[in-house]
Amino acid sequence: MWDIIIAGGGPAGLICSEKLASYGLNVLVLDDRAEPNMDKPCGGMLTERALREFALDDSILEREIWGVGVAYREGESFTIDYDERVGGNVHRSKLGRYLAQRAISAGAEVRSKERVKKLKVLQDYVELSASETLQTKMVVGADGANSLIKNLLNPTEDRSSLGFCVQYLMSMNPESIDERFGRRNEFYYGGDVSPFGYAWIFPKRDCVAVGVGALLSKVKENLKTYLENFVKKHPIASKKLEGAKVIRFDAALVPLSGLTSKIYSDRIVLLGDAAGTVSPITGEGMYYSMKSGETAAEVINNAFQKSDFGEKVLSVYQKKLKKQIGSELKWGVWLQNYFLKGQSSKVGGGIMSDKSMQKLVGDLLLGRKSYTRILVQAAPYWIKSKIKK
Ligand SMILES: Cc1cc2nc3c(=O)[nH]c(=O)nc-3n(C[C@H](O)[C@H](O)[C@H](O)COP(=O)(O)OP(=O)(O)OC[C@H]3O[C@@H](n4cnc5c(N)ncnc54)[C@H](O)[C@@H]3O)c2cc1C
């Protein structure tokens with residue numbers, strides 16, 4: 001009998017397992033990939049708050065990030081550089097290995113190539129089917145955007161609010177990366193780039209992640225065509241990517257509409273993408289998923305102290321998480337609607353030429369300020385741009 005079995009060895013599940021094991025609970029993580037989270041499709045940008053709050057080692061970084069580049073209409077762009085590091089880019093397989101090692105050092109067991117197929121919640125425990133049948137007092141669903149456990153808890157959830165991303169990993173020699181991107185992550189907006197989202201280029205050591213994301217419900221044509229056009233025809237990106245070679249293509253879902261309606265039930269909690277913890281406007285997910293893992297671990301530990309794994313005790317998790325990140329996710333949906341609806345006209349409609357406004361966009365993309373603070377600070381520029389019209 002395990003205390004806790006965690007389905008999914010991504011940042012959410014692994015941070016949660018490390019914390020639970022450090023409380024002295026016996027934890028098993030099951031991940032269906034060859035190594036935990038191996039090759040998880042992702043741009044790989046960790047914001048500075050993620051690196052700091054979770055004490056992530058600098059050795060996992062493929063490139064430090066000190067600024068951003070933003071292109072918002074054909075040919076129009078700006079860059080923002082900070083006088084401190086604002087994040088770093090990683091390869092997800094390396095991050096997975098690192099977080100798994102931390103969890104194991106804390107006392108958790110991590111098994112790969114183990115797919116959770118079924119759960120049965122019984123009176124005193126949960127029966128879980130993977131390559132063998134296992135028994136556990138609690139289950140944590142950290143199994144990503146297409147979560148089996150989320151679907152058990154939310155069988156009627158509308159999938160149209162999910163995001164869909166396509167991404168190339170492209171090899172490039174390090175000198176060209178230094179020269180063309182330096183220590184900046186680049187974001188590209190406009191209806192020609194994505195039907196309802198944005199494109200990104202995140203440089204690593206000897207390759208770049210180049211992707212396009214959009215709300216699934218707005219994708220009417222093949223999103224890969226947008227990606228190909230971006231790489232070959234975008235006036236800025238195509239030049240910067242000259243000579244780069246595609247080494248991998250991925251397509252993946254990402255939740256973009258805020259917290260999943262039900263993230264706990266008797267003996268079960270959901271974390272990370274399974275719980276909808278991705279910023280609807282920036283797509284940042286790793287920080288929020290680790291945050292949910294940490295918060296869930298505290299609540300689960302409390303449930304073990306009380307020997308009560310019922311909904312009432314576990315409901316504290318949802319309350320705590322809403323307090324920590326609920327407003328970000330809610331305002332993120334608002335920002336998503338405002339900026340990305342007909343983005344070619346709105347993004348860049350005069351307002352972006354202001355330096356202070358550009359800095360606020362940088363802060364938003366890098367998770368440096370809360371969305372409410374950004375909105376309050378942006379209001380005067382927005383009003384000014386309306387009056388000018
Ligand atoms: C293309 C793309 C680019 C992105 N770029 C960024 C970025 O640059 N920065 C950022 O912060 N966020 C980014 N995100 C979001 C980020 O990747 C996710 O929010 C984050 O990985 C969520 O972590 P998680 O642990 O909840 O889930 P995941 O990382 O998805 O981990 C879930 C794990 O569970 C495993 N699994 C699934 N089902 C089962 C099962 N039944 N049994 C066992 N194991 C299972 C999966 O194989 C996986 O390893 C991006 C997402 C996409 C799709």
Side-chain angles (χ1 to χ4, degrees), residues 5-17 28-47 49-51 65 87-93 95-96 99-100 110-119 128-131 139-152 162-169 185 187 197-204 209-214 216 223 227 248-256 260 270-280 282-293 296 365-367:
I5 295 183
I6 300 182
L14 290 169
I15 285 288
C16 187
S17 68
L28 172 65
V29 180
L30 302 176
D31 192 90
D32 59 355
R33 299 183 185 231
E35 283 180 40
N37 223 210
M38 189 173 167
D39 290 339
K40 152 79 179 91
C42 186
M45 175 176 93
L46 281 162
T47 51
R49 62 181 171 178
L51 295 170
I65 294 303
N89 294 342
V90 294
H91 283 309
R92 289 295 300 263
S93 304
L95 177 70
L99 291 176
V110 180
R111 294 185 195 163
S112 304
K113 296 189 201 158
E114 280 278 5
R115 183 162 187 78
V116 174
K117 295 174 207 142
K118 237 181 5 198
L119 297 185
L128 185 148
S129 316
S131 65
V139 169
V140 171
D143 47 344
N146 213 7
S147 164
L148 168 92
I149 300 170
K150 176 183 83 178
N151 294 340
L152 284 179
L162 280 170
F164 181 56
C165 304
V166 287
Q167 184 178 269
Y168 283 145
L169 194 64
N185 273 347
F187 299 80
Y198 68 89
W200 62 88
I201 307 181
F202 293 170
K204 319 240 173 157
V210 185
V212 175
L216 194 56
L223 201 60
L227 178 61
R248 213 176 73 212
F249 169 73
D250 286 304
L253 294 171
V254 64
L256 287 181
T260 307
L270 298 178
L271 314 178
D273 278 13
T277 61
V278 177
S279 162
T282 67
E284 179 181 11
M286 287 192 278
Y287 169 72
Y288 297 109
S289 68
M290 292 190 283
K291 200 83 193 151
S292 70
L365 294 171
L366 296 162

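As the structure lists them, so they are numbered: ligands from 1, and atoms in each ligand from 1.
The pair R248-D39 meets the salt-bridge criterion, since a charged nitrogen lies less than 4.0 angstrom from a carboxylate oxygen. A salt bridge links E284 to R49: at least one charged side-chain nitrogen sits closer than 4.0 Å to a carboxylate oxygen.
From the protein, the heavy atom lying nearest to atom 37 (C) of ligand 1 is D143 O, 3.3 Å. Protein heavy atom closest to atom 42 (N) of ligand 1, with residue, atom name and distance, is V116 N, 2.9 Å. From the protein, the heavy atom lying nearest to atom 10 (C) of ligand 1 is G285 N, 3.4 Å. In this structure, atom 1 (C) of ligand 1 lies nearest to the protein heavy atom C165 CB, 3.4 Å. From the protein, the heavy atom lying nearest to atom 49 (O) of ligand 1 is D31 OD1, 2.7 Å. Annotation: atom 36 (N) of ligand 1 to nearest protein heavy atom, D32 OD1, 3.4 Å. Among all protein heavy atoms, the one lying closest to atom 22 (C) of ligand 1 is D273 OD1, 3.2 Å. With respect to atom 34 (O) of ligand 1, the closest heavy atom belonging to the protein is G8 CA, 3.2 Å.
Distances below 4.0 Å separate heavy atoms of F202 from the following atoms of ligand 1: 8 (O). Within ligand 1, the atoms closer than 4.0 Å to a non-hydrogen atom of A252 are 53 (C), numbered from 1 in the order shown. Atoms of ligand 1 lying under 4.0 Å from any heavy atom of G272, numbered from 1 in the order shown and given with element: 26 (O). Proximity to P41 (heavy-atom distance under 4.0 Å) selects the following atoms of ligand 1: 2 (C), 51 (C), 52 (C), 53 (C). If you number the atoms of ligand 1 from 1 as listed, the ones under 4.0 Å from a heavy atom of L30 come out as 43 (C), 44 (N). Distances below 4.0 Å separate heavy atoms of N37 from the following atoms of ligand 1: 28 (P), 29 (O), 31 (O), 33 (C), 48 (C), 49 (O). Of all atoms in ligand 1, numbered sequentially from 1 with element shown, those under 4.0 Å from a heavy atom of E114 are 42 (N), 43 (C). Below 4.0 Å from some heavy atom of V278 lie the following atoms of ligand 1, by number and element: 19 (O).
Under 4.0 angstrom from ligand 1, the non-hydrogen atoms of A142 all belong to its backbone.
Between N185 and I201 there is no side-chain heavy-atom pair separated by less than 4.5 Å. Inter-residue side-chain proximity for V166 and F249 is flagged as met; some heavy-atom pair is nearer than 4.5 Å. Using a 4.5 Å heavy-atom threshold, the side chains of L28 and R111 count as touching. For the pair L152 and K150, the minimum side-chain heavy-atom distance is 4.5 Å or more. In this structure, M290 and L46 have side chains that are in contact, with non-hydrogen atoms separated by less than 4.5 Å. Between V139 and L119, the closest side-chain pair of non-hydrogen atoms falls below 4.5 Å.
Checked against a 3.5 angstrom limit, the closest N/O atoms of M286 and ligand 1 fall inside it. Of the polar atoms of R33, at least one N or O is found under 3.5 Å from an N or O of ligand 1, judged by distance alone. For the pair P11 and ligand 1, the shortest N or O to N or O distance falls below 3.5 Å.
Rounding to the nearest 0.5 angstrom, the gap separating the CD atom in E35 from the OG atom in S93 is 6.5 Å. Atom CG of L271 sits about 9.5 Å away from atom OG of S147, to the nearest 0.5 Å. Interatomic distance, CE of M286 versus CG of N37, reported as 9.0 Å (0.5 Å rounding). Atom CD of E114 sits about 15.5 Å away from atom CZ of R33, to the nearest 0.5 Å. Between the CD atom in Q167 and the SG atom in C42 there is a gap of 7.0 Å [rounded to 0.5 Å]. In this structure, CG on D143 lies 7.5 Å from CG on L270, to the nearest 0.5 angstrom.
Among G43, G283, S279, S147, the residue whose heavy atom lies nearest to atom 14 (N) of ligand 1 is G283. Remark: among candidates K117, E35, R92, M45, the nearest residue to atom 17 (O) of ligand 1 is R92, based on non-hydrogen atoms. For atom 27 (O) of ligand 1, the choice among A7, A275, G144, A12 with the nearest heavy atom turns out to be G144.
Ligand 1 has at least one atom lying under 4.0 Å from a heavy atom of G44.
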